[in-house]
2 protein chains.
Amino acid sequence: MATIREVAALAGVSVATVSRLINRNGYVNKETEFKINKAIEELNYQPSSIARGLAGKRMDVVALVLPDINNPFFPELARAVEDICLSRGYTLILCNSDNDREKELNYIKSLSRNSVSGFIFATDSLSQEDLQELRQSGTPIVVLDRSGNADNCSIIRADSRKGAMMAVQHLLDKGRRKIAHIYGPQSIVTARERLEGYEQIAQQYDWYSPSLLIPGNFRLESGIEAVELLLERHPDVDGIFAGNDMMAIGALKGLIRRGIRVPEQIALCGFDGIGMTRMTEPELTTIAQPIAEMGKMAAEILIGKIESNGGENRFYELDVHLIERSST
Amino acid sequence: MATIREVAALAGVSVATVSRLINRNGYVNKETEFKINKAIEELNYQPSSIARGLAGKRMDVVALVLPDINNPFFPELARAVEDICLSRGYTLILCNSDNDREKELNYIKSLSRNSVSGFIFATDSLSQEDLQELRQSGTPIVVLDRSGNADNCSIIRADSRKGAMMAVQHLLDKGRRKIAHIYGPQSIVTARERLEGYEQIAQQYDWYSPSLLIPGNFRLESGIEAVELLLERHPDVDGIFAGNDMMAIGALKGLIRRGIRVPEQIALCGFDGIGMTRMTEPELTTIAQPIAEMGKMAAEILIGKIESNGGENRFYELDVHLIERSST
DNA sequence: AAATCATATGGTACCGGTTACATATCCCTA
DNA sequence: TAGGGATATGTAACCGGTACCATATGATTT
């Protein structure tokens, strides 16, 4: 690979002039520009982003850290982030962390310090201190679905509690009289909020019992298992609110396998609004987060921070909405 | 962020000694080591991978370029690659390219030249020349599912043609007498091979007709649409071989929606062996590629190349196998 | 006519590491 | 006892860019 000095030599100018042309700052004569471009062409010169990074320039790469690449919610989110990044001239790289703090710290270590110019975390496992450290190095951060206030970085989230309440209310409106909840890992703030939202409504009714709460891990398999457990405990349950769509899809499979008709015998509602919910039979009712909007927003805010060298940290809460389909 | 020179100053040694300690090459006295470690601790020093990259060291990052992050096949593959990379001390970053050559070139541009020390392409849209250029820069490459011979880079693939033949034969064994094929984009070599495999068997029978070939794009929706078209053309079809699992899942939904019983009226077989095929009702019969094995192999071969500075380019073909489930 | 300014280009220190080479002990062996 | 090898550390060039400062010229202003 050619270097800027080789280009300069071939074009008969100094490296400074070549650099000025490439970055389009400073003056460069038309003829000189032509000569340099010819040399660049000839040598097939590509500026090294490494060297550029070392020299203090921002790199046009941003990283999106995802907790579970197998949950389609995150690829959908990633697509939205990607679209914005691309249109703004940034390259997006994806990092899968399994919600594992060690892995995330590892990504930060490998990528920070000018390797990437900004991070979007769609995960919840890093402590405030972990992020604080990164912030101090000047790297802008946007976080999705994190709890707490925004003193460190900008936060974007959907209103999970409200969404959960909408889900339960919807099932009640459909005449359900015993509604269970499959909840996600309580280390994840959105899972906690959805559980809280469920309880806020459910506890007002006399059919409520803590045994209607079934643990899951946000993955499809756990939806199947949860249904097994639930039907054992409460054969008369007639409504299920799953903490996310993947578990809802799993639950649906579990129900069909048992020969239970959805929604006639048991109505089912998920949460997230991933595309996959339209692909089951029956199609799933779900509480939709504005996934694309969240991703776009995250990317735009991050890029804004990158290009303005900081900017204020805000907390953005987006609305969710009910998508009623044939599973209720 | 502290620099190596600050650490050296605080520890009262030269930068060379610090560098030697960090990289564990060359001699460092025990006492000196202790002093340096104390300084590193105190300043919270992290070596800049950027500077390290510029100075000619390999970076411990490899990139995996995926054509469609929404197809669970690729996240599954990514997980396998990730496991190996992690255990070998490498960080994996994911790049979603939509099978778009421009996007892929963009990733190469942003990440090559020491930014990452190796690439795995699970895509098919780059020309030999595109890769050749990257190779010349010394970056090792491993390619999944590419056609042609391995003069440029190592290639790993599953035997799609054979798999397709197995699928059709299986449907025949199940007594099917009119088997359709939903094929994927013919720009993708695996899609072509699966179509060829289908034809190789199907053309031997008198029920064969080119109108049994329905185009799809490897995405779930196209499976649904394909079924619509197929049933219009051939209401008497009794077997479907879908070019990948996502289209098979779509086809299944299309069939169920039409009230067609699977497998009684129409038997259905997919290709890939993604986990999601166990999540439908009925569960899907599929031709399984050794996804995890392919990912692991790709990672191991790549890392081997990185650490041995090159190595031979080989062509690895892996076997597929039939997983018979209730959709046939 | 002198001062100011826009245009155009070159020289080079610097970013933060790595590493080849020089230097200096100390110990062991022929 | 001179010389060779293992141990230990420092100096400085280098990787490939960026950007500050200096320099030079022609045009415009006062």
Side-chain angles (χ1 to χ4, degrees), chain A residues 1-37 39-40 43-61 109-115 117 137-139 309, chain B residues 1-37 39-40 43-61 109-115 117 137-139 309:
Chain A
M1 258 292 193
T3 73
I4 198 172
R5 282 171 235 270
E6 298 179 64
V7 172
L10 182 59
V13 297
S14 73
V15 291
T17 307
V18 178
S19 178
R20 271 192 294 265
L21 173 62
I22 289 169
N23 298 295
R24 307 221 162 275
N25 54 8
Y27 299 106
V28 176
N29 188 293
K30 276 282 164 214
E31 285 177 45
T32 313
E33 176 172 346
F34 184 77
K35 280 192 299 182
I36 294 174
N37 278 137
I40 288 177
L43 296 170
N44 190 20
Y45 168 70
Q46 277 289 345
S48 150
S49 43
I50 291 284
R52 189 176 266 163
L54 221 210
K57 267 275 179 130
R58 287 192 319 268
M59 317 220 76
D60 48 3
V61 178
K109 207 173 80 182
S110 299
L111 302 176
S112 64
R113 208 56 185 289
N114 285 337
S115 247
S117 42
S137 79
T139 315
N309 288 310
Chain B
M1 260 292 196
T3 74
I4 198 172
R5 280 170 236 271
E6 298 178 63
V7 172
L10 182 59
V13 297
S14 74
V15 293
T17 307
V18 179
S19 177
R20 271 191 295 264
L21 174 61
I22 290 170
N23 298 296
R24 307 222 163 274
N25 54 8
Y27 299 106
V28 176
N29 187 291
K30 274 286 164 210
E31 286 176 46
T32 314
E33 176 170 347
F34 184 76
K35 281 192 298 180
I36 295 175
N37 278 136
I40 288 178
L43 296 170
N44 189 23
Y45 168 70
Q46 277 289 346
S48 151
S49 43
I50 290 286
R52 190 176 265 162
L54 220 211
K57 266 275 175 127
R58 289 190 316 268
M59 318 220 76
D60 48 2
V61 178
K109 208 173 79 180
S110 300
L111 301 175
S112 65
R113 208 51 186 290
N114 285 336
S115 245
S117 42
S137 79
T139 314
N309 288 312

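Quick note on labels: first sequence line is chain A, next is B, and so on, each numbered from 1.
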Examine the base of dG16(D) for any acceptor or donor lying under 3.5 Å from a partner atom in the side chain of R52(A), and report the outcome as yes or no. no

Between atom CG in L54(A) and atom C1' in dT18(D), what is the gap in whole Å? 11 Å

Within the 4.5 Å heavy-atom criterion, are N23(A) and R52(A) side-chain neighbours or not? yes

Just wondering, do I22(B) and S19(B) contact through their side chains at under 4.5 Å, heavy atoms? no

Taking CD from E31(A) and P from dT7(C), how many angstroms apart are they, rounded to a whole number? 17 Å

Which heavy atom in T17(A) sits nearest to a heavy atom in V28(A), and how many Å separate them? O-CG2, 4.0 Å

Rounded to whole Å, how long is the line connecting atom CZ of R5(B) with atom P of dG17(C)? 8 Å

Answer yes or no: is there a side-chain heavy-atom contact under 4.5 Å between Y45(B) and L10(B)? no

Using atom names, set out every protein N or O paired with an N or O of nucleotides 6-10 of chain D below 3.5 Å, distance rounded to 0.1 Å.
| from | atom 1 | to | atom 2 | distance (Å) |
| --- | --- | --- | --- | --- |
| dT7(D) | OP2 | Y27(B) | OH | 2.5 |
| dT9(D) | OP1 | T32(B) | OG1 | 2.3 |
| dT9(D) | OP2 | N29(B) | N | 2.7 |
| dT9(D) | OP2 | T32(B) | OG1 | 3.3 |
| dG10(D) | OP2 | S14(B) | N | 2.6 |
| dG10(D) | OP2 | S14(B) | OG | 3.0 |
| dG10(D) | OP2 | T17(B) | OG1 | 2.8 |
| dG10(D) | N7 | R20(B) | NH2 | 3.3 |
| dG10(D) | O6 | R20(B) | NH1 | 3.3 |

Find the distance I4(B):CD1 to dG17(C):C1' and express it as a whole number of Å. 6 Å

Hey, what do you get for CZ (R20(B)) to CD (E33(B)), rounding to the nearest 0.5 Å? 13.0 Å

Show the nearest heavy-atom pair for residues A8(B) and S14(B), with the distance to one decimal. CB-C, 3.7 Å

Side chain to side chain, N37(B) and L21(B), heavy atoms closer than 4.5 Å: yes

In this structure, how many angstroms lie between the P atom of dA19(D) and the CG atom of N23(A), rounded? 7 Å

Bend across the helix from dA1(C)-dT30(D) to dA30(C)-dT1(D), to 10°, with axes taken over 5 pairs at each end? 50°

Please give, in whole Å, the distance from dA8(C) P to I36(A) CD1? 12 Å

Partners meeting salt bridge (charged side-chain N to carboxylate O under 4.0 Å, His left out) with E6(B) (sequence neighbours left out): none

Rounded to the nearest Å, what distance is computed from the CD1 atom of residue I50(A) to the C1' atom of nucleotide dG17(C)? 12 Å

Any donor-acceptor N/O pair, S117(B) side chain to V61(B) backbone, under 3.5 Å: yes

Calculate the interatomic distance between I40(B) atom CD1 and dG17(C) atom P; express it in whole Å. 10 Å

